[in-house]
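Positions are given from 1 along the sequence. Basis for what follows: all heavy atoms, side chains included, without hydrogens, waters or symmetry-related copies. We count ligands from 1, going down the list as the structure has it; atoms in each ligand are counted the same way.
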Amino acid sequence: MNILVLGGGGREHALIWKLKQSPAVTEVYCIPGNAGIAQLAKCLDKPVDDFPFIDKYCRNNNIGLIIVGPEAILIKGVTDYFEKKNYQVFGPNKIAAQLEGSKAFAKTFMKKQNIPTARFEIFNLPKAAMDFIKNPKFGNGQVKEGYPLVIKADGLAAGKGVLICHTLAEAEKAIDVIMLKKMFGTAGDKIVIEEFMTGEEASILCFTDGETIEPMVTVQDHKRIYDDDQGPNTGGMGCYAPVPKINPELMQKIKEKTLQPTLAGLKQEKILYRGVLYVGIMIVNDDPFVLEYNVRFGDPETQAILPLLKTDLFKIIEYINLGKLKDIKIEWENKYCVSVVIASAGYPGGFHKGKLVTGLEKTINLPETFIFHAGTTFPQKETDQGLTEYDRAKIITSGGRVFGVTATGTTLKEALARSYEAVPLIQFEGAQWRKDIGRKGL
Ligand code: AMP
Ligand code: GLY
């Protein structure tokens with residue numbers, strides 16, 4: 001079957017790398033892709049939200065399955081659009097995608113379904129929110145009242161819409177910036193204010209067909225830009241899998257308290273969820289609390305998960321789309337995987353682009369090491385006929401996160417050593433990476 005993957009980050013590179021291992025996959029296409037994906041798939045640099053164009057492109061290329069990477073188009077209804085046109089799509093529909101598209105929707109759902117999460121209040125009006133933060137009380141619960149408070153824009157804000165406020169002044173500023181100054185646009189029409197939880201975070205990505213929910217290997221992301229979790233939040237600076245702290249007993253709790261009730265709640269609300277459900281959890285005193293839902297593969301999490309997946313990914317997707325997930329046995333390598341992100345100077349703020357990348361060839365023969373590309377492209381050059389075309393002999397940077405340097409090993413230590421051996425070999429001006437990925441897992 002011919003497949004189209006939408007997206008162009010490290011997540012999509014890892015997905016395509018894995019899909020290409022399936023004997024059932026003929027050709028892979030990718031919109032927009034990147035310089036690494038271009039080695040495996042036919043890439044086309046077009047917007048992922050131009051659905052009518054993509055429809056034509058799929059017909060011309062005999063594409064039967066569309067796999068969706070980024071959340072924004074899931075929330076926009078990419079699945080509904082293409083399913084109506086009789087394509088197979090991997091990713092939840094518009095209603096189900098509200099679990100990521102609206103924090104208020106997700107929190108209300110969790111409360112109704114008794115899924116452990118931070119206590120919260122939802123506000124549509126800045127005045128009411130301003131009143132609340134003067135004397136924040138969430139009702140009865142074991143966690144202490146007061147500051148810090150977490151203030152979240154309701155809608156998508158590119159990972160920047162969550163503000164942790166230590167004082168009343170900071171909380172006032174957060175409400176002002178989100179609801180009045182509309183820093184995240186209409187995402188700030190509503191806010192969620194919730195209590196602050198202290199604990200260890202982990203990501204539980206799951207396959208689900210709406211009937212069965214099957215967690216993948218557990219993974220821990222590193223969201224802050226600097227070592228020791230300092231500096232602003234990013235999309236994720238690196239991760240490792242599995243997370244040793246999540247032992248079978250804790251995993252059982254996670255299943256019983258969060259995953260199963262989420263699936264049951266969706267069924268109860270007659271929401272058909274097919275695809276990947278990413279449950280972000282905080283482990284507080286050995287108990288899991290849901291921080292957030294994402295309705296897709298995580299990035300960089302997917303880069304550390306897929307090298308450990310033994311089962312054919314295309315087959316898993318087929319079983320999910322047929323509603324038969326329970327009939328396929330999903331198997332994992334008994335190993336660890338680490339992915340260290342190399343980012344551009346300035347990221348997560350305004351970052352540099354167009355920097356020449358060197359040294360990739362030095363990583364080719366490193367054992368169990370995979371370089372997934374994110375923000376990379378080819379420079380353009382002029383041909384003799386005066387046309388512009390890509391100069392595929394060179395690679396330049398084009399995004400904030402540029403590479404996910406990924407490696408497996410029989411121990412976490414070995415996987416880390418392999419990844420960190422490769423990282424400095426890849427060079428471009430202003431490259432930055434964290435030196436402490438996976439340290440918490442050791
Ligand atoms: P979210 O997008 O809701 O997952 O929030 C982004 C990040 O903010 C999370 O990964 C946590 O690091 C942090 N965060 C969100 N909610 C809370 C909370 N209630 N308590 C502590 N940290 C939080
Ligand atoms: N790495 C966090 C995310 O994919 O949402």
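Ring-plane geometry between Phe132 and Phe123 is classed as tilted, the angle between the planes lying from 30 to 60 degrees on a 0 to 90 degree scale. Between Phe297 and Phe207, the angle of the ring planes goes over 60°, which puts this pair in the perpendicular group of the 30/60° scheme. Using cut-offs of 30° and 60° for the angle between ring planes, the Trp17 and Phe372 rings count as perpendicular.
Within ligand 2, the atoms closer than 4.0 Å to a non-hydrogen atom of Gly298 are 4 (O), numbered from 1 in the order shown. Annotation for ligand 2: atoms under 4.0 Å from non-hydrogen atoms of Asp221 are 1 (N), 2 (C). Of all atoms in ligand 2, numbered sequentially from 1 with element shown, those under 4.0 Å from a heavy atom of Tyr278 are 2 (C). Atoms of ligand 2 found under 4.0 Å from any heavy atom of Asn294, numbered from 1 in the order shown, are 5 (O).
Protein residues lining ligand 1, listed by chain and number: Lys103, Ala118, Val150, Lys152, Val162, Glu194, Glu195, Phe196, Met197, Glu201, Lys223, Met282, Leu291, Glu292 [non-hydrogen atoms, distance under 4.0 Å].
Distances from ligand 2 to the non-hydrogen atoms of Phe297 include no value under 4.0 Å. Ligand 2 lies within reach of Pro300, whose nearest heavy atom is under 4.0 Å from it.
Residue contacts with ligand 2: Glu301 is placed with a nitrogen or oxygen under 3.5 Å of a nitrogen or oxygen of the ligand (distance criterion only).
If you check the side chains of Glu83 and Thr79, you find no donor sitting under 3.5 Å from an acceptor. Residues Ser102 and Asp154 bring a donor and an acceptor atom of their side chains to less than 3.5 Å of each other. For the residue pair Tyr347 / Gln432, no side-chain donor-acceptor distance below 3.5 Å is found, with atom types taken as modelled.
Looking at Asp228 and Lys440, no side-chain N of the basic residue comes within less than 4.0 Å of a carboxylate O on the acidic one, giving no salt bridge.
The closest donor-acceptor contact from the side chain of Gln268 to the backbone of Ala264 lies at 3.5 Å or more, if one exists at all.
Other residues, nucleotides and ligands contribute only 12 or fewer heavy atoms inside 6.0 Å of the OH atom of Tyr226. Other residues, nucleotides and ligands place no more than 12 heavy atoms under 6.0 Å from the CD atom of Glu249.
When hydrogens are left out, the protein atom nearest atom 5 (O) of ligand 2 is Arg296 NH2, 2.8 Å; that is the closest non-hydrogen contact.
Taking all heavy atoms of Gly280, Gly235, Pro70 into account, the minimum distance to atom 2 (C) of ligand 2 is reached by Gly235.
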